[in-house]
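The structure under discussion appears below in the form of structure tokens.
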Amino acid sequence: MMYPFSYKKIELEAQNFWYNHNCFEIVEIPNKEKFYCLCMFPYPSGNLHIGHVRNYTIGDVISRSQRMLGKNVLNPIGWDAFGMPAENAAKKNIVSPTDWTNSNIYYMYNQLKSLGFSYNWDRKITTCKIDFYRWEQWFFIKLIEHGVIYKNNAIINWDPLEKTILANEQVINGIGWRSGAKIEHRKIPSWFLKITDYAYELLRCLANIDWPESVKKMQVNWIGKYKGIEVSFKVIGSVPNCYSYLKVFTQRPDTLFGVTYILLAPDHHLVELAAQYNYQIKKLCNTFTFCGKCSLATLKNKELGLYVGYNVLHPITNEILPLYVSSFRYFEYGATASMGVPAHSHRDWDFANTYGLPFKTVVSDINGKVPDISKNAYTDFGFIINSGIFNNITCFEAFDYIFYFIKQYKSGVVKQKLKLRDWGISRQRYWGTPIPVKYGITGKQTPLTDEEIPVYLPKHGCLNSKFNLKKIPSFYVLGNGWVRDTETFDTFIESSWYYARFCCTDNNNSILDARVNYWLPVDMYIGGIEHAILHLMYARFFHKLMRDFGLVDCDEPFKKLITQGMVLTYTYYRESFGIKEWFNPLDVCLLKDKKNGNIIPTVKRDGGIVIRNGIEKMSKSKNNGIDPNVLINRFGADTLRLFVMFSAPTEQVLIWSESGIIGSSRFIKRLWNIVHTYIYISGSEHTIIKLSSLRPDQFNLYRQLQKTIKKATSDMIGRHVFNTVISTVMKLTNLVLHFIDIDSSIIGLAVTREALKSIILILAPIVPHITHVLWKVLGFSYAVIDAKWPSYNKHCMLGQLFTVLAQINGKIRKEIKLPLNYHTKTFASTILSSISIKGYLNCKEIHTLIFVHAKVINIVVSL
RNA sequence: GCCCGAAUGGCGAAAAUGGUAUACGCAGGGGACUUAAAAUCCCCCGUCUUAUAAGGCAUGCUGGUUCAAGUCCGGCUUCGGGCACCA
């Protein structure tokens with residue numbers, strides 16, 4: 001029998017209930033155990049995409065299940081509202097960044113609401129609002145006073161045509177994305193936060209947090225602690241005194257005798273000195289590119305390297321070594337000079353080969369054989385050769401011996417270095433938090449006082465397309481010759497402390513208050529794996545700064561982390577005049593070529609052919625985000641939530657495809673029908689189950705129910721694996737479906753009722769709307785949101801038969817059902833005498849018997 | 001290039017700790033109900049040999065450890081994420 005089902009009615013009923021009963025307004029309750037669950041807040045890019053749905057459903061499932069465990073759950077949300085896309089949209093569509101952001105927030109707020117997430121909306125944060133960013137300015141002033149912030153030169157991408165600074169994302173293969181111009185690199189003064197001061201603590205504290213190992217590894221490697229020596233080479237010829245020695249860091253001092261040249265980066269001081277007299281060097285320095293994603297092949301381009309005009313002396317052999325500059329800034333970890341050892345480094349081999357520099361082999365292989373370096377460098381370790389008194393020792397011994405030797409001549413020191421660099425936080429952009437600093441007539445920089453902040457970001461009428469605070473004198477001119485800093489903060493600052501502000505969003509008098517120590521640290525933080533390094537490192541660092549200022553008590557902001565795998569889709573583009581236009585997969589039609597069967601993607605709107613770029617994460621810039629609205633309207637919020645959780649385990653990437661959502665929809669309808677069928681048959685009467693009076697098939701259902709609760713509890717609460725929670729509940733539901741057809745006795749119905757109750761409770765965090773209604777249908781007077789997580793009966797799982805596998809040489813030949821307390825020896829003799837096994841053992845000698853209790857007996861025989 | 005992951009049927013995937021590979025779902029095939037369609041329900045569904053029974057082969061490729069490997073170790077391939085101004 002079918003019962004009328006309307007997800008729209010169900011959703012409305014549940015959401016109204018939560019709203020009318022203030023279910024998600026939360027206060028601190030000192031004696032109640034707290035649980036702070038947080039999802040990385042979204043950038044209001046226009047609309048949610050499936051990646052958001054996945055992220056926020058995981059957070060909601062965890063929040064709701066923790067609530068069922070009796071905890072006081074904080075589950076806040078907000079908007080990471082400052083950032084570049086608002087400026088880009090403003091330029092493209094002639095709207096103000098404020099209006100664009102606000103309308104996006106309004107739309108996305110409604111989308112989040114429609115999905116039924118249990119957010120504490122009264123604590124919402126919008127980072128572009130003064131009540132949030134004013135505290136950032138306040139804290140910046142404190143940091144400046146304590147010397148954690150300093151000013152230095154930063155290198156930026158300069159678009160000479162647009163006369164603007166571009167983000168890395170906007171530079172594609174050295175070309176500006178809008179203008180198509182070749183991008184130059186310039187140095188400009190910027191503010192830096194001393195994250196390197198906290199590097200060792202950031203490394204050490206990784207041991208105390210429950211994060212995925214992969215993320216910890218990435219952070220360790222990013223901080224990149226490494227050891228080597230810094231060798232001083234004497235510069236030959238007339239240079240200013242301060243330039244008379246060239247310091248070069250190396251991690252391979254054992255190859256010191258193999259140096260045949262020194263390579264300098266374009267921003268090395270000796271190169272800058274040479275550039276004053278040599279136009280070619282100057283030109284090269286102006287156009288150098290970052291190593292980033294370039295390939296080593298670039299090195300082979302002859303125009304990229306030049307002799308600087310200076311030579312140095314080798315500290316031990318006194319050989320004369322030439323200095324070269326490379327436009328290719330490949331120096332690892334920000335070093336500006338490196339030893340050229342072409343025989344033992346692939347990149348030096350390429351460089352020396354291109355510029356005709358000599359090779360000198362100084363390391364043999366592990367057998368003492370001289371390696372062949374005619375086609376490639378030899379980069380492995382072995383024994384030292386061609387190195388005077390150091391010959392015949394191992395590379396590892398040579399590290400110390402060579403270091404001690406050159407130390408005597410004051411030509412080297414051991415250095416522990418970090419790959420991590422300080423955090424440049426200035427941005428030459430409009431849509432961000434204004435930096436609270438002013439400059440006097442002489443250029444003297446002075447942080448503003450507490451009375452002079454907050455500095456409001458001036459409204460932008462979008463009259464011109466240049467978003468730059470430098471163009472708004474009413475903003476920066478302060479009188480008496482003082483002017484404001486016209487730059488804004490990196491938007492990573494906002495996301496580095498918003499989690500703490502959620503504890504006290506209503507406080508207008510201070511940045512944080514005592515409530516942070518009730519809620520922090522965040523018990524569960526959920527976000528995309530793409531934030532594994534930058535955001536998560538900056539937030540950990542910022543937390544430690546706040547701790548050192550007495551604002552928070554704990555050492556780490558996020559106790560446990562789930563990194564959600566990204567939701568990927570195809571990206572499609574069309575190129576005209578070197579500029580790419582990206583098309584949403586929903587706007588692309590896939591046609592089959594009749595001749596060869598190839599798929600041709602075309603734009604639905606105009607039929608033009610587009611190019612498939614690949615499968616990539618859903619993002620605004622590639623326009624491949626799938627809007628969930630279509631699916632919510634067609635199937636309902638519960639179905640979408642269920643499907644997204646069922647499709648793949650949370651940490652795995654998910655290549656989006658909506659085929660299969662129909663299965664989730666069917667399951668929800670089936671559940672609706674079973675519960676109504678049960679009520680139709682049983683009426684409102686129900687009895688209590690006595691285990692001893694259950695028939696075998698009734699007991700079987702009861703036992704499957706206990707198993708399901710056990711599995712669901714460990715997967716939902718312990719492992720946070722939701723797809724298996726759903727599949728195990730589906731299995732039980734199928735069982736109930738058949739059972740209810742056969743057994744409508746009073747006891748049978750009682751077992752059915754128990755099963756339905758647990759199914760609803762287990763599913764309640766995942767599909768909160770339908771379970772809200774079905775719980776009422778089952779006749780409970782309180783709402784399912786206030787129900788407790790089900791517990792299982794351990795005892796009924798004992799005393800059952802187990803399947804033991806009989807294997808011969810690891811191949812399964814027979815399975816036998818045995819009680820758990822069987823005797824191994826009796827079992828062995830029984831199995832060896834069984835006829836089917838005897839057939840396999842014919843005339844073969846038994847070597848060993850391997851027993852794994854309640855699992856396997858493996859009979860190892862000679863072949 | 002460097003760092004971190006991933007790879008199992010036609011598809012999404014399951015198998016915590018090494019011990020029945022493919023649970024659950026989608027698609028597909030067949031059937032029931034129906035005037036019909038939709039919906040719902042039932043059966044089949046990795047691959048090869050053979051009518052069946054039965055057996056062989058299968059977890060990206062490759063080599064190893066083990067009585068036993070999807071799972072552990074080594075070497076590759078392909079795909080994804082990050083690489084400091086996308087967030």
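As a basis for the values below, the full set of heavy atoms in this structure was taken, side chains included, without hydrogen atoms, waters or symmetry mates. Every chain is numbered from 1, with letters handed out A, B, ... down the list of sequences. These numbers come from a predicted model, not from an experiment.
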Can you measure A:Arg421 atom CZ to B:rA84 atom C1' for me and round it to whole angstrom units?
5 Å
Within this structure, what is the CG-OG distance for the pair A:Asn104 and A:Ser45, rounded to the nearest 0.5 Å?
6.5 Å
Could you verify whether a donor N or O on one side chain and an acceptor N or O on the other, from A:Tyr538 and A:Asp490, lie under 3.5 Å apart?
no
Pick the nucleotide of RNA chain B nearest each of A:Lys669 and A:Ser621; which residue has the one closer to the 5' end?
A:Lys669
The reported gap from CH2 in A:Trp582 to CG in A:Asn623 (rounded to nearest 0.5 angstrom) is 10.0 Å
Indicate whether OP1 or OP2 belonging to B:rA16 is found under 4.0 Å from a side-chain N or O atom of A:Arg719.
no
Expressed as a whole number of Å, how far does the C1' atom of B:rU66 sit from that of B:rC73?
12 Å
Classify the side chain of A:Gln807 and the base of B:rG19 as holding, or not holding, a donor-acceptor pair under 3.5 Å.
yes
Closer than 4.0 Å, any side-chain N/O of A:Asn858 to the OP1 or OP2 of B:rU66?
no
Any side-chain heavy-atom pair of A:Leu568 and A:Leu654 under 4.5 Å
no
Whole-Å gap separating C1' (B:rA15) and CG (A:Asp715)
12 Å
Return the value, rounded to whole Å, for the distance between atom CH2 of A:Trp79 and atom C1' of B:rA87.
15 Å
Between C1' of B:rC67 and CZ of A:Arg813, the distance in whole Å
15 Å
Atom CD of A:Glu530 and atom C1' of B:rG81: how far apart are they, to the nearest Å?
8 Å
Candidate pair A:Phe82 and A:Tyr133, rule ring pair (Phe, Tyr, Trp, His ring centres under 6.0 Å), full reasoning
CA-CA 10 Å; A:Phe82 273 142; A:Tyr133 71 75; 5.6 Å; yes
Any side-chain N or O of A:Asn723 below 4.0 angstrom from OP1/OP2 of B:rA14?
yes
Using side-chain hydrogen bond (donor to acceptor under 3.5 Å, both in side chains) as the criterion, list what pairs up with A:Arg186, not counting sequence neighbours.
none
Any side-chain donor near an acceptor of the partner, A:Thr571 and A:Asn624, under 3.5 Å:
no
Just the rounded figure in Å: distance from P of B:rC83 to CD of A:Gln219.
13 Å
By nearest-nucleotide position on RNA chain B, the 5'-leaning member of A:Ser426 and A:Ile850 is A:Ile850
Relative to the ring of A:Trp656, is the ring of A:Phe643 parallel (under 30°), tilted (30 to 60°) or perpendicular (over 60°)?
perpendicular
Output yes when at least one side-chain N/O atom of A:Lys855 is less than 4.0 Å from OP1 or OP2 of B:rA68, else no.
no
Note, A:Tyr498 side chain near A:Leu38 side chain (heavy atom, < 4.5 Å):
yes
With no angle test and no hydrogens, is the base of B:rC86 tied to the side chain of A:Lys617 by a donor-acceptor pair under 3.5 Å?
yes
Represent RNA chain B in dot-bracket notation, 5' to 3'. Only Watson-Crick or G-U wobble pairs with both distances under 3.5 Å count; pseudoknot-style crossings use [ ] and interstrand partners use |.
(((((((..(((......[....))).(((((.......))))).((((....))))..(((((..]....))))))))))))....
Considering every strand and a 4.0 Å limit on heavy-atom distances, what is the contact class for A:Ser647: base, sugar-phosphate, or nothing?
sugar-phosphate
Between the protein and nucleotides 69-71 of chain B, are there any N/O to N/O pairs under 3.5 Å, and if so, what are the atom names and distances?
none

Using atom P of each nucleotide, how far apart are B:rA38 and B:rC44 to the nearest Å?
23 Å
Is the A:Tyr56 ring parallel, tilted or perpendicular to the A:His52 ring (thresholds 30°, 60°)?
parallel
Considering only the P atoms, how many Å lie between B:rC42 and B:rC26, rounded to the nearest integer?
12 Å
Round to the nearest Å and state the distance from A:Leu763 atom CG to B:rC24 atom C1'.
13 Å
With a cut-off of less than 4.0 Å, is there a side-chain N or O of A:His853 near OP1 or OP2 of B:rG19?
no
Does A:Gln428 make a side-chain donor-acceptor contact with the base of B:rC85, cut-off 3.5 Å?
yes
